[in-house]
There are 2 protein chains.
Amino acid sequence: MNTLSRRQRDFLQREQLFLDTARQILRNDGIAHLTMDRIAELTEYAKGTVYKHFTCKEDILCALCLECLQHMADLFRHASSLPGNSREHVMAVGTAYQMFTLRFPEEFDLLIASRTNKFRQKAAPKRVEDMGNADQVVHNQLRAIVGRAIADDALVLPPHIGVDELCFSLWAFSFGMLVLDQAKDMTTELQLPPVQQMLFSQFNLLLDGYGWKPLSSEFDYLQSFQRILRHMDVQS
Amino acid sequence: MNTLSRRQRDFLQREQLFLDTARQILRNDGIAHLTMDRIAELTEYAKGTVYKHFTCKEDILCALCLECLQHMADLFRHASSLPGNSREHVMAVGTAYQMFTLRFPEEFDLLIASRTNKFRQKAAPKRVEDMGNADQVVHNQLRAIVGRAIADDALVLPPHIGVDELCFSLWAFSFGMLVLDQAKDMTTELQLPPVQQMLFSQFNLLLDGYGWKPLSSEFDYLQSFQRILRHMDVQS
DNA sequence: TCATAACGTGACGATTCGTCATATTTTGCA
DNA sequence: TGCAAAATATGACGAATCGTCACGTTATGA
């Protein structure tokens with residue numbers, strides 16, 4: 001509309017350009033080649049201009065993580081749209097998470113680093129706060145699934161366990177497995193199944209522990225899993 | 001004995017000096033102040049000498065992580081010495097892990113970063129391999145507990161689940177919770193209990209899911225928890 | 001048209017990494 | 001013991017990258 005808003009639009013558009021370029025460098029050349037100078041060079045702006053948008057390198061990395069979380073939220077929304085019971089939805093979200101880490105390993109690496117204090121202390125507080133909100137969005141998707149499960153009596157919360165705690169645990173369990181799996185070296189002696197299969201089995205066992213119905217003994221979740229894979233592949 | 005071995009001893013001793021100094025900087029001043037020059041300065045050696053021991057910065061950080069894992073293995077050994085049933089031992093190890101992250105937050109931060117590809121690709125392959133072995137040692141402690149549980153019929157492996165997978169899951173679950181907990185910002189709206197309490201509850205639910213006896217409904221694990229806290233405090 | 005404000009620039013200082021030619025010490029042997 | 005050769009230690013140096021800022025350029029609106 002007026003001049004001010006045009007400027008603001010230009011500004012936002014340029015910020016997006018910087019982010020897209022940064023992501024492209026990250027994916028094509030790896031994080032080692034992701035420098036402020038290179039972003040400036042590829043976008044044909046000066047480095048000082050990049051610093052008008054981001055307070056420091058960690059800040060732009062943080063912004064990249066933010067977009068990853070938003071992307072994941074979209075994937076999870078799609079996973080939740082699968083017809084089926086609430087446990088299948090949890091499984092679908094877990095599978096979507098795993099597929100994300102597989103498809104975008106550099107970004108997942110960044111997401112791991114972003115849980116580090118070293119990282120969060122450098123980025124702008126505002127940006128870290130945004131990431132907290134993005135976390136919240138993802139968390140809410142889990143909460144919605146849990147809420148539905150409670151509503152249709154598939155799940156009765158175990159004593160002294162809140163909904164948030166339950167969602168947090170599901171999130172933490174997936175995160176932990178995916179991180180440790182991608183970091184385990186080829187040389188490990190451990191005989192482990194593929195992480196996708198472990199997520200499947202362990203989720204079933206944990207959800208059985210919650211008493212979340214139908215229990216794995218009462219339902220063919222292997223068939224669900226096949227269905228989920230097909231459902232998520234369409235999305236890709 | 002002979003000259004060669006004296007040199008080797010000196011070499012190892014100096015390496016330890018570098019590591020101790022690095023850890024001291026890490027704890028006192030934070031990772032931002034942990035530079036190769038500073039290590040050289042404090043130990044009164046030249047930087048080139050430090051590089052005789054470590055190929056790069058990540059390599060010395062990796063070595064620090066290695067010592068952390070060894071320290072944790074010791075803590076876990078102590079945790080496993082608690083008189084009690086096998087589930088109590090699992091809980092004791094989880095609690096020891098949590099206490100470690102609380103007491104040595106900077107080191108835990110480093111442990112998180114060390115699961116990153118960026119990190120592992122830079123460190124010397126030999127050192128990364130060592131870390132894999134240290135992981136293995138920790139893993140074996142869990143395996144011992146699980147093995148005992150199976151031996152005395154407290155646990156029957158769920159179908160298609162191996163011992164390694166079960167240990168990996170316990171490890172991943174704890175790791176995930178501790179990482180996400182320490183990274184959650186003060187501003188989060190989530191109403192979560194302290195992570196110590198979540199570890200307790202969620203472990204109980206997961207182990208119930210495994211059918212690991214005595215189930216949480218058959219045993220007063222809260223009392224165990226108090227006992228564990230006392231047991232681990234003595235160690236500190 | 002011009003004064004002022006907003007914006008863009010890239011040279012620069014600072015930090016830190018990792019190297020390597022040289023200096024020093026140790027070793028083994030005459 | 002003395003000395004040549006090998007092993008080791010050193011720190012000045014080059015390279016990479018970060019983040020800044022004084023200055024030049026463009027846009028605004030009276």
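Since the model is a prediction, treat every value here as computed from it, not as a measurement. In the text below, chain A, chain B and the rest are named by the order of the sequence lines, each starting its count at 1. Any value given below was found using the heavy atoms of this structure, including those in side chains, with hydrogens, waters and symmetry copies removed.
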Review point. Hey, are B/Asp233 and B/Arg230 close enough for a salt bridge, meaning a charged N less than 4.0 Å from a carboxylate O?
Key: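 The answer is no: the pair does not qualify as a salt bridge.
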Practice item. May I ask you to say whether B/Arg143 pairs ionically with A/Glu189, meaning some side-chain N is under 4.0 Å from a carboxylate O? Key: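 No salt bridge links B/Arg143 with A/Glu189.
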Do any N or O atoms from the side chain of [X] and from the backbone of [Y] form a donor-acceptor pair under 3.5 angstrom?
X: B/His89; Y: B/Ala79; value: no
X: B/His231; Y: B/His78; value: yes
X: B/Asp185; Y: A/Gly132; value: no

Review point. What is the bend of the helix from C/dT1-D/dA30 to C/dA30-D/dT1 when you compare the axis at one end with the axis at the other, using five pairs each and rounding to 10°?
Key: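 Result, rounded to 10 degrees: 10°.
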**Study point:** Test of ring centre spacing under 6.0 Å for B/Phe108 and B/Phe104
**Key:**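 Distance test on ring centres: not under 6.0 Å, no.
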Practice item. Report yes if a side-chain nitrogen or oxygen of A/Thr49 is closer than 4.0 Å to either non-bridging phosphate oxygen (OP1 or OP2) of C/dT9; otherwise report no. Key: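 A/Thr49 to C/dT9 OP1/OP2: side-chain N or O found under 4.0 Å.
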**Study point:** Listed partners of A/Glu129 passing salt bridge (charged side-chain N to carboxylate O under 4.0 Å, His left out), at least two apart
**Key:**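 Counting only residues at least two positions away or on another chain, A/Glu129 forms no salt bridge (charged side-chain N to carboxylate O under 4.0 Å, His left out).
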Exercise for review: Take A/His33 and A/Thr55, find for each the nucleotide of DNA chain D with the closest heavy atom, and name the residue whose nucleotide sits nearer the 5' end.
Suggested key: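 Nearest nucleotide further toward 5': that of A/His33.
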Point to revise | Given DNA chain D, 5'-ward residue of the pair B/Gly48 and A/Glu58, judged by closest heavy atom | key: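 The residue closer to the strand's 5' end, by nearest nucleotide, is B/Gly48.
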Practice item. State whether the distance check finds a donor on one side and an acceptor on the other, under 3.5 Å, for side chain A/Lys47 versus base D/dG19. Key: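 Yes, a donor-acceptor pair under 3.5 Å.
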What are the atom names and distances for every N/O pair under 3.5 Å that joins the protein to nucleotides 5-7 of chain C?
{"unit_1": "C/dA6", "atom_1": "O3'", "unit_2": "A/Arg7", "atom_2": "NH1", "d": "2.8"}

**Study point:** Passing candidate, salt bridge (Lys or Arg N to Asp or Glu O under 4.0 Å) with A/Arg127, options A/Glu15, A/Glu58, A/Glu67
**Key:**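 Answer to the salt bridge (Lys or Arg N to Asp or Glu O under 4.0 Å) test with A/Arg127 among A/Glu15, A/Glu58, A/Glu67: A/Glu15.
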